[in-house]
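Worksheet: the structure to be examined is printed underneath.
Both backbone and side-chain heavy atoms feed into the values below; hydrogens, waters and symmetry mates do not. So that the names make sense, note that chain A is the first sequence line, chain B the second, and so on, each numbered from 1.
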There are 6 protein chains.
Amino acid sequence: MPYVTVKMLEGRTEEQKKALVEKVTEAVAETTGAQKEKIVVFIEEMSKNHYAIAGKRLSDE
Amino acid sequence: MPYVTVKMLEGRTEEQKKALVEKVTEAVAETTGAQKEKIVVFIEEMSKNHYAIAGKRLSDE
Amino acid sequence: MPYVTVKMLEGRTEEQKKALVEKVTEAVAETTGAQKEKIVVFIEEMSKNHYAIAGKRLSDE
Amino acid sequence: MPYVTVKMLEGRTEEQKKALVEKVTEAVAETTGAQKEKIVVFIEEMSKNHYAIAGKRLSDE
Amino acid sequence: MPYVTVKMLEGRTEEQKKALVEKVTEAVAETTGAQKEKIVVFIEEMSKNHYAIAGKRLSDE
Amino acid sequence: MPYVTVKMLEGRTEEQKKALVEKVTEAVAETTGAQKEKIVVFIEEMSKNHYAIAGKRLSDE
């Protein structure tokens, strides 16, 4: 606790994801006072045909 | 805003998904007064072995 | 199935929410071929201090 | 209703998942009084590079 | 890990919720082989005006 | 995009939440290359009777 979910388009590299969970965990620890050991981060990736803004999927643009 | 997530079994065609996000976005805009440009739709697909009703997975029926 | 979640700021009237679930259900039935009886809609409301864009909460603007 | 989501690392066998949804459904029915026919279970699997504790992904350990 | 979310209508007693998390945790431990200490359960409650089947909210029936 | 959800126990102050969304947004922008303007953060709060580890709710400890 806290539990953080980052939902984003697929395509980031492993290096980016590694840095993402590291930096987000630090930001949460620093601002909430939670112990780093208790912070969990989930990454969820979306494909462009499953994500739409204004009724249009990114894959249809 | 609003953010809409549609969770359903895999197997719909790209044409169906394209129409789905279009029509759902219109329905949300019309009834909530939100601007179409701010409405986001996510599609999440499940496989039959990850979805159960009454304790039985669809893949086991 | 399908399961639809609509996440939005609090403040809509009961009439708006009633129309929202009705119209969204119709849009999903029409485009996916799912039976109306099997379509579920959840509404989730957020308050302005729990929603941020560009690092700024709506309650801080 | 209720709707139960079980999020876990990928790698369980089909037999384990089959038993999981069965036993969880029984536990929910027994304790909430819900009818078994109305209980839905979703399984969501994560990969080790999308799950981090203390800022470190399982795939980086 | 695993992380279990139980979404249900509000109205269960504290005794029911206490039994629910206990029994669900046992069911997950027994069938997945996960250590009990690592199993997390979240309860999410819905009100009847935020939950619809077939386009009709429970509060409108 | 990305969409970040931070789920935590209720009780943080408005100042902490304000700093949380700011720092998390910076961490996500810096590591994923996403534009700050497109990053959304949701805060979800849990009460102690709706959160259990090892089958025991925090409110029962």
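Note on F:E14 versus C:R57: salt bridge recorded, some NZ/NE/NH1/NH2 to OD/OE distance being below 4.0 Å. A salt bridge is absent between C:K56 and F:E37: the closest approach of a Lys/Arg side-chain nitrogen to an acidic carboxylate oxygen does not fall below 4.0 angstrom.
Of the atoms belonging to C:D60, it is side-chain heavy atoms, and not backbone ones, that fall under 4.5 Å from chain F. Residue contact with chain C, scored on non-hydrogen atoms closer than 4.5 Å, involves the side chain of F:E45 exclusively.
Around NZ of F:K18, the count of heavy atoms belonging to other residues, nucleotides or ligands within 6.0 Å does not exceed 12.
The OG1 atom of F:T25 sits 10.0 Å away from the CD1 atom of C:I53 when rounded to the nearest 0.5 Å.
Each of F:V40, F:V41, F:V21 was checked for a side-chain contact (heavy atoms from CB on, under 4.5 Å) with C:Y51, and the lone residue meeting it is F:V40.
C:H50 has its side chain within reach of F:K17: a pair of non-hydrogen atoms, C-beta onward, lies under 4.5 Å apart.
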